[in-house]
Structures are given as C-alpha cells and as structure tokens.
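Keep in mind it's a predicted model, so treat the numbers as computed, not measured.
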Amino acid sequence: VEDYIVELLNGGSSPTATVDLQSSQATVILSGAELVVSENGTDLFAAPTDSLGPLQVQALDSDSVLTLALPSDPAGGVVIDGGDGNNTLDLKSASVDLTSGMIDASNFQILDLTNEPDTALTINAATVENLSPNNSTISISAIEGDTVTFADVDDWRVESGIIRDG
C-alpha cells in the first residue's frame, strides 16, 4: 500500500488541490472535463475542472520530468513546481501560453516541445524568470512545426540558436 498526499485547501465550491509527487516522472492531463495527475500509469488525482480551483503540483527535489497534456487551459489553472534539480517540462499540447496565468510553472530549466502534436509556445521574460529563477536561462527543445512566440520582444536578448542532434 502506498500513500499519496492530496490536500484540498478549502471547502468552497472550487477548492485548491495540492498533489505532492512521489516519483521523478508524472503527467498532468486534461481529459474531457476532468483534470488528472498520474505517475507511472497510476492516477493519483482526478477531478472535474468545473469543481476545482487551482491544481498545485509539487515535484520531488531531484531531476524530474513533468508532462503537461492540456488541449485547453483548465478553468482553475495549474501551478507546477519542478523543485530542485535539472527539470524538464514536456509540453504535449497544440498551444501553450505560459504568459496567460492559467499555467504557472516554476523551476523547469528545459521545455520539451518535441512530441506530438506540434506546439505553439508563448513565453515572456517573466515566464523565464519563473521557470529558472537561479539564472534566468532555459533550454527549449523543438522540432519542425513547433513555434515559440516571445510576447515581450523588447525585453529579450536572443543569441544564435544552437542546433543539437540535427
């Protein structure tokens, strides 16, 4: 028997739910109208989005990979913290806007867009600060068909890209 910690922070109609992960790989998926958090094929948490406030997911303090598969923004939003380590946020959605406030990600040094579907990612300088608070540097892995939009172009200093394995 394994214990998983899920905490509902208020008894209101849209409570905040907190899920503390127990392994270094997990998935947050929006399936129909239900938001699901799973590890290694086991669902840790599932709730209808219309009865849930923000979902907070806390990774372990080690190198973690968290996959987000959200075809649209969940009503209450998602707050994810990669914890310590060299963490990867694997984005498996056609469109991800990390500037909207609906997905609040912190402590992820790598954004992986290389899986299906092609991903249109929107970020800004504040997003990068939040993703990598220690050095404000992130790595984005993308393939043909993926796009990255910088919402606040004047705040960026972009150097030549590095092409790896291609």
Side-chain angles (χ1 to χ4, degrees), residues 4-7 16-31 35-41 44-45 52-74 76-143 145-153 155-159 161-166:
Y4 295 101
I5 300 171
V6 174
E7 180 180 0
T16 298
T18 301
V19 178
D20 292 329
L21 301 176
Q22 302 301 306
S23 77
S24 62
Q25 293 194 337
T27 301
V28 177
I29 187 169
L30 184 59
S31 178
L35 197 55
V36 179
V37 179
S38 62
E39 285 183 338
N40 303 317
L44 303 180
F45 176 83
L52 183 65
L55 172 65
Q56 297 179 344
V57 178
Q58 178 64 52
L60 295 173
D61 286 335
S62 63
D63 295 351
S64 297
V65 176
L66 182 64
T67 300
L68 279 182
L70 305 174
S72 61
D73 288 335
V78 176
V79 178
I80 51 176
D81 186 340
D84 291 337
N86 189 28
N87 305 306
T88 300
L89 186 57
D90 182 11
L91 301 171
K92 291 186 177 182
S93 302
S95 178
V96 178
D97 184 351
L98 293 179
T99 68
S100 72
M102 295 306 294
I103 301 172
D104 181 4
S106 60
N107 298 309
F108 288 93
Q109 296 71 37
I110 301 166
L111 300 181
D112 185 353
L113 314 180
T114 61
N115 297 297
E116 294 292 330
D118 291 343
T119 301
L121 172 67
T122 303
I123 59 175
N124 60 18
T127 301
V128 174
E129 285 284 329
N130 207 33
L131 285 167
S132 185
N134 292 333
N135 64 9
S136 301
T137 301
I138 61 171
S139 174
I140 300 174
S141 298
I143 57 174
D146 295 327
T147 60
V148 178
T149 301
F150 301 98
D152 51 356
V153 172
D155 292 337
W156 289 89
R157 184 191 72 199
V158 179
E159 297 177 7
I162 299 171
I163 299 174
R164 294 186 181 134
D165 300 327

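To the nearest 0.5 Å, atoms CG (Leu21) and CG (Leu44) are separated by 7.0 Å. If you take CG on Leu131 and CD1 on Ile138, they are separated by 5.5 Å, rounding to the nearest 0.5 Å. Distance check: Thr18 OG1 to Gln56 CD gives 4.0 Å after rounding to the nearest 0.5 Å.
Scanning all heavy atoms of the two residues, the minimum distance from Leu89 to Ala105 falls at CD2-CB, 3.9 Å. Taking each heavy atom of Asn124 and Ala151 in turn, the nearest pair found is CB-CB, 4.0 Å. Minimum heavy-atom separation, Ile110 to Ser141: CG2-OG, 4.5 Å. Across all their heavy atoms, Gln109 and Gly85 have their closest contact at OE1-O, 3.1 Å. Here the closest heavy-atom approach between residue Ala17 and residue Phe45 is recorded as CB-CZ, 3.6 Å. For the pair Asp152 and Ile123, the tightest heavy-atom approach, listed with the atom from each and the gap, is OD1-O, 4.5 Å.
Between Leu68 and Ile103, the closest side-chain pair of non-hydrogen atoms falls below 4.5 Å. At least one side-chain heavy atom of Val57 sits less than 4.5 Å from a side-chain heavy atom of Val28. You'll find the side chain of Thr122 stays beyond 4.5 Å of the side chain of Leu98, heavy atoms only. Using a 4.5 Å heavy-atom threshold, the side chains of Leu70 and Leu35 count as touching.
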- prompt: Would Asp73 and Ser100 satisfy side-chain contact (heavy atoms from CB on, under 4.5 Å), going step by step from the backbone distance to the final call?
  reply: CA-CA 9 Å; Asp73 288 335; Ser100 72; 3.8 Å; yes
* For Ser136 and Glu129, what are the C-alpha separation, side-chain angles and deciding distance, and is it a side chain to side chain donor-acceptor pair (under 3.5 Å)? -> CA-CA 5 Å; Ser136 301; Glu129 285 284 329; 2.6 Å; yes
message: Walk me through whether Thr88 and Asp90 qualify under side chain to side chain donor-acceptor pair (under 3.5 Å).
response: CA-CA 6 Å; Thr88 300; Asp90 182 11; over 6 Å; no
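Of the listed residues (Ile29, Leu55, Leu66), just one forms a side-chain contact (heavy atoms from CB on, under 4.5 Å) with Val37, and that residue is Leu55.
Without hydrogens or angle criteria, Thr67 side chain to Val65 main chain gives no donor-acceptor distance under 3.5 Å. Side-chain atoms of Thr127 never come within 3.5 Å of backbone atoms of Ala125 as a donor-acceptor pair (strictly under, hydrogens ignored). In terms of modelled atom types and a separation under 3.5 Å, the side chain of Thr137 and the main chain of Asn135 share a donor-acceptor contact. In terms of modelled atom types and a separation under 3.5 Å, the side chain of Asp146 and the main chain of Ile143 share a donor-acceptor contact. At least one donor-acceptor pair under 3.5 Å links the side chain of Thr119 to the backbone N or O of Ser93. At least one donor-acceptor pair closer than 3.5 Å links the side chain of Glu39 to the backbone N or O of Gln22. The closest donor-acceptor contact from the side chain of Ser23 to the backbone of Gln25 lies under 3.5 Å.
Residue pairs meeting the side chain to side chain donor-acceptor pair (under 3.5 Å) criterion with at least one partner in residues 77-87, sequence neighbours excluded, are Asp81-Asn107.
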